[in-house]
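See structure below.
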2 protein chains.
Amino acid sequence: MATARPDGPPSGPPAPELPTPPGRRPRKAAPPRQPLTQDAVIETALRVLDAEGLEAVTMRRVAQELGTGPASLYAHVSGKDELRELMLDRVAAEIRLPFPDPARWQEQLKGLAREIRRVYTSHRDIAMVSMGLVPTGPHLLDVAEAQLALMRAGGVPKKIAGMAVDTLGMFLDADAIEGTVYYAKAPAGEDPHAFFEEYFGQFKEYFSALPADRYPVLTGMVEELTDPDDDGRFEFGLDLLVRGIASYVEDEERPG
Amino acid sequence: MATARPDGPPSGPPAPELPTPPGRRPRKAAPPRQPLTQDAVIETALRVLDAEGLEAVTMRRVAQELGTGPASLYAHVSGKDELRELMLDRVAAEIRLPFPDPARWQEQLKGLAREIRRVYTSHRDIAMVSMGLVPTGPHLLDVAEAQLALMRAGGVPKKIAGMAVDTLGMFLDADAIEGTVYYAKAPAGEDPHAFFEEYFGQFKEYFSALPADRYPVLTGMVEELTDPDDDGRFEFGLDLLVRGIASYVEDEERPG
DNA sequence: ACCTGAACACCGTTCAAGT
DNA sequence: ACCTGAACACCGTTCAAGT
């Protein structure tokens with residue numbers, strides 16, 4: 001995708017620039033097309049993320065991609081941690097939020113969870129950043145607000161809703177990480193789907209070969225434990241959580 | 001804890017060793033007391049983990065602690081990833097497992113979850129290693145076997161139990177990470193409890209200052225969202241999951 | 001078989017110096 | 001105010017060489 005930045009003048013329309021006269025040395029490298037901004041840093045970091053995963057997003061790599069040195073980034077971002085949080089918030093902006101319909105709050109909450117999963121997993125292992133992080137970015141807060149609005153509209157008490165966003169968030173982060181960590185391990189250049197298939201097959205073989213006297217239950221359900229149906233597992237956990245949350249709904253609104 | 005390794009002979013009982021004669025140079029450093037083994041590598045890595053967290057566990061650091069160079073570790077461990085998995089399995093060995101009592105399976109499953117949480121959180125952010133990892137170590141498999149045995153004893157169908165270990169595992173990993181990530185951020189040397197307190201207070205302040213027109217629900221429940229009761233949140237999620245799993249129990253065993 | 005020194009190709013962050 | 005080169009103090013892993 002990225003093309004090499006030529007040192008000389010572009011070969012398009014006649015350039016006003018003259019060749020540097022002898023004795024005066026040219027600037028070391030062509031300056032970046034557009035001045036460095038926080039947005040440009042975040043966008044570049046996301047491009048690296050999507051192409052090669054979170055591990056590849058280093059200060060040096062992002063700087064290189066922008067045609068500068070790593071020290072230049074520190075004028076726009078306080079460090080690597082902040083850059084990662086800014087990346088996550090930018091990703092969270094892609095999540096489409098529902099308008100609460102109190103009658104359908106459970107289905108809407110599930111739908112929102114599926115949407116979060118879709119967006120997260122479409123950006124490699126970005127969910128790793130979310131794990132154990134208090135959401136503070138504007139878009140991350142929009143998502144939390146939407147979840148809380150759905151639950152409150154459905155009559156879930158404040159205290160329960162407060163704990164439930166947390167539990168739901170943990171579930172979504174863990175699921176997205178689980179789903180991307182295998183792919184992250186795939187050697188670059190190799191077909192990730194084929195790699196995944198073989199990777200999974202190896203585990204099935206391993207579990208089957210386990211000693212049945214030490215693991216009597218486990219060895220009796222290898223088929224169930226190596227089911228590659230990601231979506232089914234996600235729906236199972238999501239249903240558990242939403243049903244559990246719904247069990248706390250106070251059917252009658254506070255009297256008075 | 002660790003004391004400096006003196007270059008000269010020990011000052012205890014008379015040593016059989018003579019001083020190195022002039023012209024013959026002594027070995028660069030005293031050899032490690034005990035020959036390198038995989039166990040020694042794992043134990044040293046765990047000491048570094050407990051003292052300074054997972055991030056401090058580097059090949060070079062572990063090697064240094066053992067009085068050797070990083071290359072020496074590769075005879076006993078295939079790399080950093082394997083070392084981390086071996087550390088996790090060693091930690092899993094500390095988890096005390098219940099003997100299944102079918103009548104009390106739900107309470108036993110909760111008890112086991114609490115025990116896993118206790119052991120994980122007592123080893124800093126070790127749970128990060130577990131996240132997204134298929135358990136293959138013997139002790140990790142013991143823990144999975146115990147969970148499955150409890151559920152099967154309680155009448156949970158195989159397919160449900162297979163998905164439930166996964167969901168429960170995700171929950172436990174995410175919770176343990178959530179609980180340790182703040183502490184990991186505490187600057188070394190500072191009282192982590194005081195740091196935690198202040199850290200949390202800042203978030204409460206931040207949430208309170210949020211614009212109420214964009215975040216009407218969220219700003220109306222700042223108190224509920226910044227409740228520092230970790231144990232309460234854990235019990236809430238655990239109860240949701242176990243109740244959900246129990247809802248799939250087939251009351252009558254298969255007829256015939 | 002095990003261990004080692006040295007090297008390779010990287011990291012995040014700081015800082016004095018420039019414009 | 002923004003950007004830079006250079007340096008500092010690190011990484012994981014490989015490999016030829018030693019014992």
Side-chain angles (χ1 to χ4, degrees), chain A residues 5 7 20 24-42 44-45 48-49 51-87 125 128-129 184-185 187-188, chain B residues 5 7 20 24-42 44-45 48-49 51-87 125 128-129 184-185 187-188:
Chain A
R5 204 188 311 284
D7 279 350
T20 47
R24 207 174 329 146
R25 55 187 172 74
R27 286 171 117 294
K28 290 267 174 66
R33 252 177 283 279
Q34 37 187 348
L36 235 47
T37 62
Q38 196 185 67
D39 266 20
V41 172
I42 297 170
T44 307
V48 176
L49 168 76
E52 297 172 45
L54 193 63
E55 220 180 55
V57 182
T58 66
M59 293 290 124
R60 299 180 106 99
R61 177 66 194 283
V62 173
Q64 191 195 63
E65 216 77 17
L66 285 161
T68 181
S72 302
L73 305 183
Y74 287 82
H76 304 97
V77 132
S78 73
K80 201 195 182 187
D81 283 353
E82 193 184 90
L83 175 56
R84 285 161 70 123
E85 290 188 30
L86 290 166
M87 290 168 69
D125 42 355
M128 296 230 71
V129 179
K185 275 184 185 164
Chain B
R5 205 187 310 284
D7 280 351
T20 48
R24 212 181 316 153
R25 56 186 171 74
R27 286 170 118 293
K28 290 264 175 65
R33 252 179 281 282
Q34 37 186 349
L36 237 45
T37 62
Q38 196 185 69
D39 266 21
V41 172
I42 297 169
T44 306
V48 176
L49 168 75
E52 296 171 46
L54 193 64
E55 218 180 55
V57 182
T58 65
M59 293 288 124
R60 298 181 107 99
R61 176 66 194 282
V62 173
Q64 190 196 63
E65 216 78 17
L66 284 160
T68 182
S72 302
L73 304 183
Y74 287 81
H76 303 97
V77 133
S78 73
K80 202 196 180 186
D81 282 354
E82 191 183 271
L83 174 57
R84 284 160 72 122
E85 290 189 31
L86 290 166
M87 289 168 70
D125 41 355
M128 297 229 71
V129 179
K185 274 184 186 164

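By convention in this document, chain letters (A, B, ...) are assigned in the order of the sequence lines, proteins followed by strands, and residues within each chain are numbered from 1. Values reported hereafter were calculated over all heavy atoms of this structure, with side chains retained and with hydrogens, waters and symmetry mates removed. Values in this document were obtained by computation on a predicted structure and should not be read as measured data.
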Between C/dT13, D/dT13, D/dC3, which nucleotide has the shortest distance from any of its atoms to the side chain of A/A75?
D/dC3

How about A/E52 and A/V57: do any of their side-chain heavy atoms sit closer than 4.5 Å?
no

Determine whether more than 12 heavy atoms belonging to other residues, nucleotides or ligands lie under 6.0 Å from atom CD of A/E55.
no

Kindly point out which of D/dG12, C/dC3, C/dT13 is positioned nearest to the side chain of B/K80?
D/dG12

Please check the phosphate of D/dA1 (OP1 and OP2 only) for any side-chain N or O of A/H76 closer than 4.0 Å.
no

If you check every side-chain atom of B/A71, which of D/dC11, D/dC15, C/dT13 has the closest atom?
D/dC15

Is there a Watson-Crick or G-U wobble partner for C/dC10 with both distances under 3.5 Å, and which nucleotide is it?
none

Please report the distance, rounded to the nearest Å, between CE in B/M59 and P in D/dT14.
11 Å

Atom CG of B/L83 to atom C1' of D/dT13: distance rounded to whole Å?
14 Å

Starting at atom CG of A/L73, determine the distance to atom P of D/dC3, rounded to an integer number of angstrom.
10 Å

Keeping A/S72 on the side-chain end and A/T68 on the backbone end, is there a donor-acceptor pair under 3.5 Å?
no

Mind calculating the distance between CZ (B/R61) and P (D/dT13) to the nearest angstrom?
18 Å

Any strand counts, and the cut-off is 3.5 Å on both contacts for Watson-Crick or G-U wobble. Which nucleotide pairs with C/dA16?
D/dT4

Does a nitrogen or oxygen in the side chain of A/T68 sit under 4.0 Å from OP1 or OP2 of D/dC3?
no

Return the value, rounded to whole Å, for the distance between atom OH of A/Y74 and atom P of D/dC8.
17 Å

Whole angstrom value for the distance that separates P of C/dC11 from CG of A/D81:
16 Å

Measure CG/A/L66 against P/D/dT4 and give the value in whole Å, please.
10 Å

Between A/E82 (side chain) and A/S78 (backbone), is there a donor-acceptor pair under 3.5 Å?
yes

What is the nucleic acid contact for B/S72, judged by heavy atoms within less than 4.0 Å: base, sugar-phosphate only, or nothing?
base

Choose from C/dA7, C/dT13, D/dC3 the nucleotide whose nearest atom is closest to any side-chain atom of B/R60.
C/dA7

Where the side chain of A/L36 is concerned, which of C/dG12, D/dC3, C/dT4 is the nearest nucleotide?
D/dC3

Just by modelled atom types, is the A/H76 backbone N or O under 3.5 Å from a matching donor or acceptor in the A/Q38 side chain?
yes

Roughly how far apart, to the nearest Å, are C/dA9 and D/dC10 at atom C1'?
14 Å

Could you state the atom-to-atom distance from CD of A/Q64 to C1' of C/dA9 in whole Å?
12 Å

